[in-house]
Amino acid sequence: MHSFGYRANALLTFSITILALMCAMASLSDNFNSPTPSAQVQVLNINWFQKQPNGNDEVSMTLNISADLQSLFTWNTKQVFVFLAAEYETPKNSLNQISLWDGIIPSKEHAKFWIHTSNKYRFIDQGSNLRGKEYNLTMHWHVMPKTGKMSADKIVMPGYRLPVEYR
C-alpha cells in the first residue's frame, strides 16, 4: 500500500495542477473583453510659459481631465495605472513624451472621474523648442490583472498648441 506521505504528495500535486489550470483559463478569458474607454482633456489656462536661466522652456498649465475607464475592469483586474502625457516632435527627437499627471485606479467604482488640476510634473523641454509648438495629449493606461500578463493602451488627443511668446 502507499504511505501517507505519498498520498499527500499526490493530492498536493493534483491540487496545484488544477489551480494552475484555473489561473491559465482566467488569464485567457480576459482576451474576450473588448474595452471602450473614453477620455477628454481641456487645457483651461497656460499659467506660465517661460525660459529658464539654463535656456530650457518650462510650461505650467491648468487642465480638466475626464475619463471613463470602467470598461477596462473585469473580474480579473486588480488595478489600472493611468497617466496623461504631452507628446511632440523636435528637430533632435522624433518623439518627446512628458508625463503631466498620473494616478492609480483601484476599482471600477473609481474608474469614471473628473479632475481639475495643474500639471503634476514639470513640463520642461531641453532647449527652446516649445514656442508655438503643436502637441498631443495622450492618455495612457496599464491594466494590472490578478493573474496573467499586463496590457497597455492609449487614447491620443491631437490639436493643442503652445503660445508663440513667453508669458
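The model shown is predicted, which means the values in this text are computed figures rather than measured ones. These values consider heavy atoms only, across backbone and side chains, with no hydrogens, waters or symmetry-generated copies. The chain is numbered in sequence order, starting from 1.
- With a 4.5 Å cut-off on side-chain heavy atoms, Ile124 and Gln52 count as touching.
- The side-chain heavy atoms of Phe123 and Met61, taken from C-beta on, include a pair separated by under 4.5 Å.
- Between the side chains of Asn45 and Thr62, no donor-acceptor pair is found at a separation under 3.5 Å.
- Within the structure, salt bridge (charged side-chain N to carboxylate O under 4.0 Å, His left out) contacts touching residues 96-119 (residues at least two apart or in different chains) are Asp102-Lys120.
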CA sep, side-chain torsions, deciding dist, call: Val80, Phe73, side chain to side chain contact (heavy atoms under 4.5 Å, CB included): CA-CA 8 Å; Val80 176; Phe73 280 83; 3.7 Å; yes
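- Proximity of Ile46 to Leu162: side-chain heavy atoms (C-beta onward) are separated by under 4.5 Å at one or more points.
- Under the salt bridge (Lys or Arg N to Asp or Glu O under 4.0 Å) criterion, Glu58 pairs with Arg122, not counting sequence neighbours.
- Here the side chains of Leu69 and Phe113 are in contact, with some heavy-atom distance below 4.5 Å.
- For Asn129 against Pro91, the heavy-atom pair with the smallest separation is OD1-CD, 4.4 Å.
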Evaluation steps, side chain to side chain contact (heavy atoms under 4.5 Å, CB included), between Tyr121 and Leu100: CA-CA 5 Å; Tyr121 304 105; Leu100 301 176; over 6 Å; no
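- Annotation: side chain of Leu44 is not in contact with side chain of Leu63 (no heavy-atom distance under 4.5 Å).
- Considering only heavy atoms from C-beta on, Val41 stays 4.5 Å or farther from Trp101 through its side chain.
- In terms of modelled atom types and a separation under 3.5 Å, the side chain of Arg161 and the main chain of Gly132 share a donor-acceptor contact.
- Closest non-hydrogen pair, Met139 versus Ala39, comes out as CE-CB, 4.0 Å.
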Worked check of side chain to side chain contact (heavy atoms under 4.5 Å, CB included) between Asp57 and Phe49: CA-CA 7 Å; Asp57 285 348; Phe49 180 38; 4.3 Å; yes
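- Of the possible donor and acceptor atoms, none in the side chain of Thr13 sits under 3.5 Å from a partner among the backbone N and O of Ala10.
- Here the shortest heavy-atom pairing between Asn119 and Ser60 reads OD1-CA, 3.5 Å.
- Side-chain contact between Asn56 and Ser128 is absent, with no heavy atoms from C-beta onward closer than 4.5 Å.
- Nearest heavy-atom pair, Ala86 versus Tyr135, reported as atom, atom and distance to 0.1 Å: CB-CD1, 4.2 Å.
- Remark: Glu89 CD to Ser94 OG distance equals 6.5 Å, nearest 0.5 Å.
- Residue pairs that meet the salt bridge (charged side-chain N to carboxylate O under 4.0 Å, His left out) test with at least one member in residues 60-78, sequence neighbours left out, do not exist here.
- Within 6.0 Å of CD on Gln50 lie more than 12 heavy atoms contributed by other residues, nucleotides or ligands.
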Candidate pair Tyr160 and Asn136, rule side chain to side chain contact (heavy atoms under 4.5 Å, CB included), full reasoning: CA-CA 6 Å; Tyr160 297 93; Asn136 298 330; 5.9 Å; no
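- Checked by atom type, the side-chain pair Thr90/Asn96 shows a donor-acceptor distance below 3.5 Å.
- Contact detail for Ser71 and Pro37: the closest heavy-atom pair is OG-N, 3.4 Å.
- A side-chain N or O of Asp125 and one of Tyr88 form a donor-acceptor pair less than 3.5 Å apart.
- Ile104 forms part of a hydrophobic cluster together with Phe81, Phe83, Met144, Met150, judged by ILVMFWY side-chain heavy-atom separations under 4.5 Å.
- For the atom pair NZ (Lys92) and CD (Gln126), the distance works out to 7.0 Å, reported to the nearest 0.5 Å.
- Connectivity analysis of hydrophobic side chains (ILVMFWY, heavy atoms under 4.5 Å, direct or indirect) links Leu21 to Met25.
- Between Lys51 and Tyr166 there is a side-chain heavy-atom pair separated by less than 4.5 Å.
- Remark: side-chain polar atoms of Thr74 are paired, donor with acceptor, to backbone N or O of Asn76 under 3.5 angstrom.
- Pairs engaging residues 137-157 under the side-chain hydrogen bond (donor to acceptor under 3.5 Å, both in side chains) rule: Glu87-Thr138, Glu87-His140, Gln97-His140 [sequence neighbours left out].
- The hydrophobic clustering, which links ILVMFWY residues whose side-chain heavy atoms are closer than 4.5 Å, places Ile115 and Ile98 together.
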